[in-house]
Amino acid sequence: SVTENKTRNMEHEILDDAQSTDQQDAKWAGFWIRVGASLIDVLVYLPFIGLNFYNLYSLKNLPLQLFVDIVFLLYKPLMEYKYGATLGKMAVKIKVVSENFDKITLSQTILRNYPHWLNQILSIFTAFFLFQNPDFQEADSMAAISQVQREIISPFVSSSISFVAIISWIVVAFTSKKQGLHDMIAKTYCIYK
């Protein structure tokens, strides 16, 4: 029993040393490299953004809109869960890891992407009601479509969600391990590979 306790304590010390070595060796991915990764991800989204605009102005097809919104909803969380990085993060050679520098779990992925999820769920909700609105079916300009959207959902709500996301990301620039609020909540780091 004493030997087992000593063995367990030694194992914990070795793991703690390995973890602290990992933390010492880790190069935290800061604000600007993550912005660069996000800009590359926008390039990945471009075909869907184009399809989205074409659909809003011409097709006005709710199932197509929901498909595009679901792609936006799932891309980032699924890529980070499966590969530890989106294509943008892969391109700039950064990845998301747990506090133990392991692959992130599904729950960490969900928690880490809460600003993204809030925004996309609001978008799906808005799309559903927008496409049901007869004024939207007649709208043929961005101003007219925006007016109908404002009738469905208050700009205050979408601005508030965007504000939460921006604050969560800006915090990256001011923390020692370059964690955003979303990283702190999920207990994750974004590091260079």
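In what follows, every heavy atom counts, from backbone to side chain, and hydrogens, waters and symmetry copies are set aside. The chain is numbered in sequence order, starting from 1.
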Rounded to the nearest 0.5 angstrom, the CG-OG1 distance for L111 and T188 is 9.0 Å
For L122, does its backbone N or O pair with a side-chain atom of T126 as donor and acceptor, under 3.5 Å?
yes
From CA spacing to verdict: side chain to side chain contact (heavy atoms under 4.5 Å, CB included), F101, I191
CA-CA 9 Å; F101 297 88; I191 62 171; 4.0 Å; yes
Quick check for you: to the nearest 0.5 Å, what is the distance between T109 atom OG1 and Y114 atom OH?
15.0 Å
Can Q65 and L56 be said to form a side chain to side chain contact (heavy atoms under 4.5 Å, CB included), step by step?
CA-CA 8 Å; Q65 181 66 40; L56 281 173; 4.2 Å; yes
More than 12 heavy atoms from other groups under 6.0 Å of CZ on F128:
no
Measuring from atom CG of N55 to atom CG of L51, what distance do you get when rounded to the nearest 0.5 angstrom?
6.5 Å
Ring centroid separation Y75 to F48 under 6.0 Å
no
With a 6.0 Å cut-off (strictly less than), is the heavy-atom count around NZ of K60, excluding the residue itself, greater than 12?
yes
Ion pair present between E80 and K89, side-chain N to carboxylate O less than 4.0 angstrom?
yes
Would M90 and L87 count as a side chain to side chain contact (heavy atoms under 4.5 Å, CB included) here? Give the steps.
CA-CA 5 Å; M90 289 178 195; L87 294 174; 4.0 Å; yes
Would you check if the side chain of D41 reaches a backbone N or O of G88 as a donor-acceptor pair within less than 3.5 Å?
yes
Residue K93 excluded, over 12 heavy atoms near NZ under 6.0 Å
no
Which value, rounded to the nearest 0.5 Å, describes the distance between F129 atom CZ and F136 atom CZ?
14.5 Å
Cluster overlap I94 with M79, hydrophobic side-chain contacts below 4.5 Å
no
Has the side chain of D183 got a donor or acceptor atom that lies under 3.5 Å from a matching backbone atom of G180?
yes
F67, W117, Y45 screened by ring pair (Phe, Tyr, Trp, His ring centres under 6.0 Å) with F72, the one that passes:
Y45
Hey, mind stepping through F174 and F31 against side chain to side chain contact (heavy atoms under 4.5 Å, CB included) and telling me if it holds?
CA-CA 9 Å; F174 301 102; F31 180 79; over 6 Å; no
So with a 6.0 Å cut-off around OH of Y192, is the heavy-atom count from everything else above 12?
yes
Once you round to the nearest 0.5 Å, how far does CD1 of I170 lie from CG of L181?
10.5 Å
Can you see which heavy atom on R34 is nearest to which on K178, and at what distance?
NH1-O, 2.6 Å
Let me confirm one number: the CZ-CD1 distance from F131 to I152, rounded to the nearest 0.5 Å.
10.0 Å
Measure from the side-chain N and O atoms of R112 to the backbone N and O of I104, and report whether any donor-acceptor pair falls under 3.5 Å.
no
4.5 Å side-chain heavy-atom contact, V92 and I40
yes
